[in-house]
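Along the sequence shown, residues carry numbers from 1.
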Amino acid sequence: MKRTTYNTLGIIVSLLFSTQLNATKYILMSSNPNDISMPVPDDNNALFSSVVPSLDSAQKYIRAYYYTGNQVDGEITDKIVIYIKGGLYKDNNILWYATSSDTTKPLKILAYNDEKVIFDGSNLNDANKGVFLRLGKRYKRTNLWIEGLTIQNYLNGISLGVSDYDTTTCTRNNSLQNSHNTLISNIFINIGNKFSSNTGYSFSAVGISNSEWNTIESNIFYKIENSSGPKLLHALYLSNNASNNTIKDNYIGLCSGDPIRLRNSSNYNKVLGNYIEQSGNSGFVTDWHCTEGAEGCKCSGQLKDEGSSIGTELYNNVFTFPYPSFTWDGTKYCSQDQRDIGYCARITIPYNASTASGSGNFVISEHPQCEVVGAATSGDINNDGIDELFAAYNYDNFTKLVRSEPNKGNYLSKVIYKSKYWHIDALEMNDFNGDGTPELITAFNALTDNTNRTEIKRGDGVTSATNYGNLWSSTWWKTRALTSGDFNGNGSIELITALNEPDNSGTQVFKGNGINSLNTSGSSIYSSTWWTTQALTAGNYDGDPNNRDEVFVAFNAPDNSQTQIFSGDGINSITNLGNGSFYSDDWWVTASLTSGDYNGDGSDEVFVAFNPRDNSQTQIFKGDGVSSISNHSNGSFYNNSSFSTDIMINGNFDNSSGEEITTFLSLQTETEGYMGNGTSSIDNLSLIYDSYNVECSGANSGMNSSARIESSSTITYISTTDSEIVDIYPNPIPSSGELIITTLNQNTKIQLFNSQGVLCQESLIQNGKLKLDNLRSGLYIARIITKDQEITRKLIVE
């Protein structure tokens, strides 16, 4: 055994020749040459052959010691793995040739021990910022494997093959350049000229041209956007006989071009189990090809026709609405102006039966009227010490429950539930059965109030929210909030559930074991015929050595005219600790509560978010949970005069000594999700979600309807006396029916809001009648404004 040295670009590296000729050769990429002494993951008997500072240096090293032949026809001679130590690297425009056509000798580029490896294209010379890595023309099988990298702030990401076009003869060489490559569990973020001072052309996060039999699996593509020039920037662009590729289980969000574009005879590709949202300007999966003389397809005035792409298979994908600034007609293959210039973007929503086959696709092809984060929670579903994030998004016509995935950051990339019939208004995760792994509890409310129904179900949270069965159901109550903890110190977790009357005339709070019962005590631990529960949270605030948790509850008045927050022991009361109410106010109303040990001292702190009654701003406070909910900062911990708070949750999202806080904030036209350390900020760690689709009030989805439609004036809460004064019928009513309003006052105005708080119709009542404007079916709130009062009524449109 002999150790030698190797010098590349002034960097001293060492080489270990092994007597085992067939042993894998390991190379470590690190900014610290001394890291060569670290163990090879999962192979304690192996040593690193060298340490290099960049991928370019790694390739030079491989070609010097483990390579035979010239650049085009050469082959690596050994099975090689390049491990990359966690850190920030500035490699760019890498032209990669070091591959092998031998299936037993693949070359793998992996993150070391799943550490966060970031290749960042920002602050580079703009002329050298076009692409992160290109696989050179090999004209054979290449077996390149890239896994676990974060690639950000480049104009383009990875190219497996390039377009080989002769502008003299106007012909394209469609010879296979490479094949059988794998890109798995990588993150492509901020790709495109939107994130660069370079206004050059951005084409794709991953481009596959003249390349076959590649696998693109479990990658994250987020914010793939061009802001200048053509916005046709694709997450995946397959062109020129890029056939037989598998695109599986990827997440694509905010892609300004069509997320998956096929061009020129890219046939028989499989698109399976992907989650694509807020992406596409002509379709989710599209086929585009030039025809002779078409605009943009000219070469000295001529071009041979390209072929359409056939045989695409689309199975079990989730596609939810186009890129925010685009809409399309899913019934047409192409628009008239496209026909006139000779090409057609064939839209596949979910698939074109003449060119593709598939089933099981969940498709929402139109922008929703509204998006509200209905609930969120967190839990360590794979026992790796890091919590995964769960969030439920409620839209006017469907709901989806998504989660982050282990080792993929906090991107909400995995759909575990979707429905066009239910909304989700509460989530909780804890180890209720004591097996060491948390379970997910989800509270479903009917998407409209037509049935006044709620169901609470248990699931593993890995693949399903419902696979452990039903915990509770009711045809009257609406579930508003869930929390859990060990309140009696016996080592078992209990579940606390808050239910509100459907008309917000009262609330009940129950405690159960979270396994098979919502109520183990036989009666509620709190009830009211006035207050409605808005939020719950639990934690060990006083550092009790027996780990007994306490509970905080926030009540809002049914007309949102005031709020009160109480603390209880969670055993038989949620209000018996402290001297009465911890907090009360007649302007600010509570939006959300959460608790966590953010400073790692063994005691939890509590966060509370307040929105004013008109949802025009938000304030978030932090307290020790013992004597105060606001004594950990000088004034407000966070405030914003534009956004309102939807949901806050806590969790250990980055394996630090303390927990972090995740907050979802809403504006009328946007929802943003942030992560913060909880000690100095709620948003200093990362932006984890951004939506441009919101077209409704930013109020939390669990707030009553009057809170959503309220302006600076006060809406009178409906009393029995009011019901005798004003009535509306028929109810239910057809979508274009005539509504009769009986009132004792003249000059009465009526406003109709849908279940998400969007104003759909407004008019003065003429002779006690109102003709509906062909409204969608569902629940509406009728706001009736007379000279003396404002009254709300429920209206069901069939």
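For Thr437, the side chain to side chain donor-acceptor pair (under 3.5 Å) partners at least two apart in sequence or on another chain are Asn383. Scanning for ring pair (Phe, Tyr, Trp, His ring centres under 6.0 Å) contacts around Tyr393 gives Tyr689, with sequence neighbours left out. Under the side chain to side chain donor-acceptor pair (under 3.5 Å) criterion, Thr483 pairs with no residue at all, not counting sequence neighbours. For the side chain to side chain donor-acceptor pair (under 3.5 Å) test, residues two or more places apart in sequence or in another chain that qualify with Asn317 are Asn274, Asn361.
The CD1 atom of Ile224 sits 5.5 Å away from the CD1 atom of Ile191 when rounded to the nearest 0.5 Å. Atoms CG and CD1, from Leu133 and Ile109 in turn, are 6.5 Å apart once rounded to the nearest 0.5 Å.
Donor-acceptor pairing under 3.5 Å is recorded for the side chains of Ser666 and Asp646. For the residue pair Asp102 and Thr104, a side-chain donor N or O sits within less than 3.5 Å of a side-chain acceptor on the partner. A donor-acceptor contact under 3.5 angstrom links the side chains of Asn677 and Thr679, judged on distance only. Between the side chains of Ser211 and Asn178, at least one donor N or O lies within less than 3.5 Å of an accepting N or O. In this model, a donor atom of one side chain and an acceptor atom of the other lie less than 3.5 Å apart for Asp460 and Asn467.
In this structure a side-chain-to-backbone donor-acceptor pair under 3.5 Å is missing from Ser484 to Leu495. Judged by distance alone, with hydrogens and angles left aside, the side-chain atoms of His234 form no donor-acceptor pair with the main-chain N or O of Ile260 at under 3.5 Å. Side-chain atoms of Gln59 come within 3.5 Å of backbone atoms of Leu95 as a donor-acceptor pair (strictly under, hydrogens ignored). Listed for the Asn394 side chain is no donor-acceptor partner under 3.5 Å among the backbone atoms of Val372. Side-chain N or O atoms of Asn190 include none that pairs as donor or acceptor with a backbone N or O of Gln152 at under 3.5 Å. Checked by atom type and distance alone, the side chain of Asn269 pairs as donor or acceptor with a backbone atom of Ser266 at under 3.5 Å. Without hydrogens or angle criteria, Ser202 side chain to Asn193 main chain gives a donor-acceptor distance under 3.5 Å. Proximity of a side-chain donor or acceptor of Asp549 to a complementary backbone N or O of Asp486 within less than 3.5 Å is detected. For the pair Thr594 (side chain) and Asn650 (backbone), a donor-acceptor distance under 3.5 Å is present. A side-chain donor-acceptor contact under 3.5 Å links Arg403 to the backbone of Gly461.
Between Tyr417 and Phe444, the distance from one ring center to the other falls under 6.0 angstrom. The ring of Phe188 has its center no closer than 6.0 angstrom to the ring center of Phe132.
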**Prompt:** Can you check side-chain contact (heavy atoms from CB on, under 4.5 Å) on Phe362 and Lys400, steps first, answer last?
**Reply:** CA-CA 11 Å; Phe362 182 89; Lys400 64 185 179 186; over 6 Å; no
**Item:** Check against side-chain contact (heavy atoms from CB on, under 4.5 Å), Asn186 and Ile158
**Value:** CA-CA 11 Å; Asn186 300 286; Ile158 293 177; 5.8 Å; no
**Asked** Would Ile424 and Phe390 count as a side-chain contact (heavy atoms from CB on, under 4.5 Å) if you check the C-alpha gap in whole Å, the side-chain angles of each, and the deciding distance to 0.1 Å?
**Response** CA-CA 12 Å; Ile424 295 173; Phe390 294 74; over 6 Å; no
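Exactly one of Thr142, Thr215, Asn143 qualifies for a side chain to side chain donor-acceptor pair (under 3.5 Å) with Asn181. That residue is Thr142.
Asp35 has no carboxylate O lying under 4.0 Å from a charged side-chain N of Lys85, or vice versa, which leaves the two without a salt bridge. A salt bridge does not link Glu405 with Lys414: every distance from a Lys NZ or Arg NE/NH1/NH2 to an Asp or Glu carboxylate oxygen is 4.0 Å or more.
Under the 4.5 Å side-chain criterion, counting only non-hydrogen atoms from C-beta, Ser50 is in contact with Tyr61. Two residues are said to be in side-chain contact when any heavy atoms from C-beta on lie closer than 4.5 Å; Leu110 and Trp145 meet this criterion.
More than 12 heavy-atom neighbours from other residues, nucleotides or ligands sit within 6.0 angstrom of NZ on Lys408. Heavy-atom contacts from other residues, nucleotides or ligands closer than 6.0 Å to NZ of Lys116 number 12 or fewer.
Within the structure, no pair that satisfies the salt bridge (Lys or Arg N to Asp or Glu O under 4.0 Å) test touches residues 379-392, not counting sequence neighbours. A salt bridge (Lys or Arg N to Asp or Glu O under 4.0 Å) check over residues 677-691, counting only residues at least two apart or in different chains, returns the pairs Lys223-Asp690.
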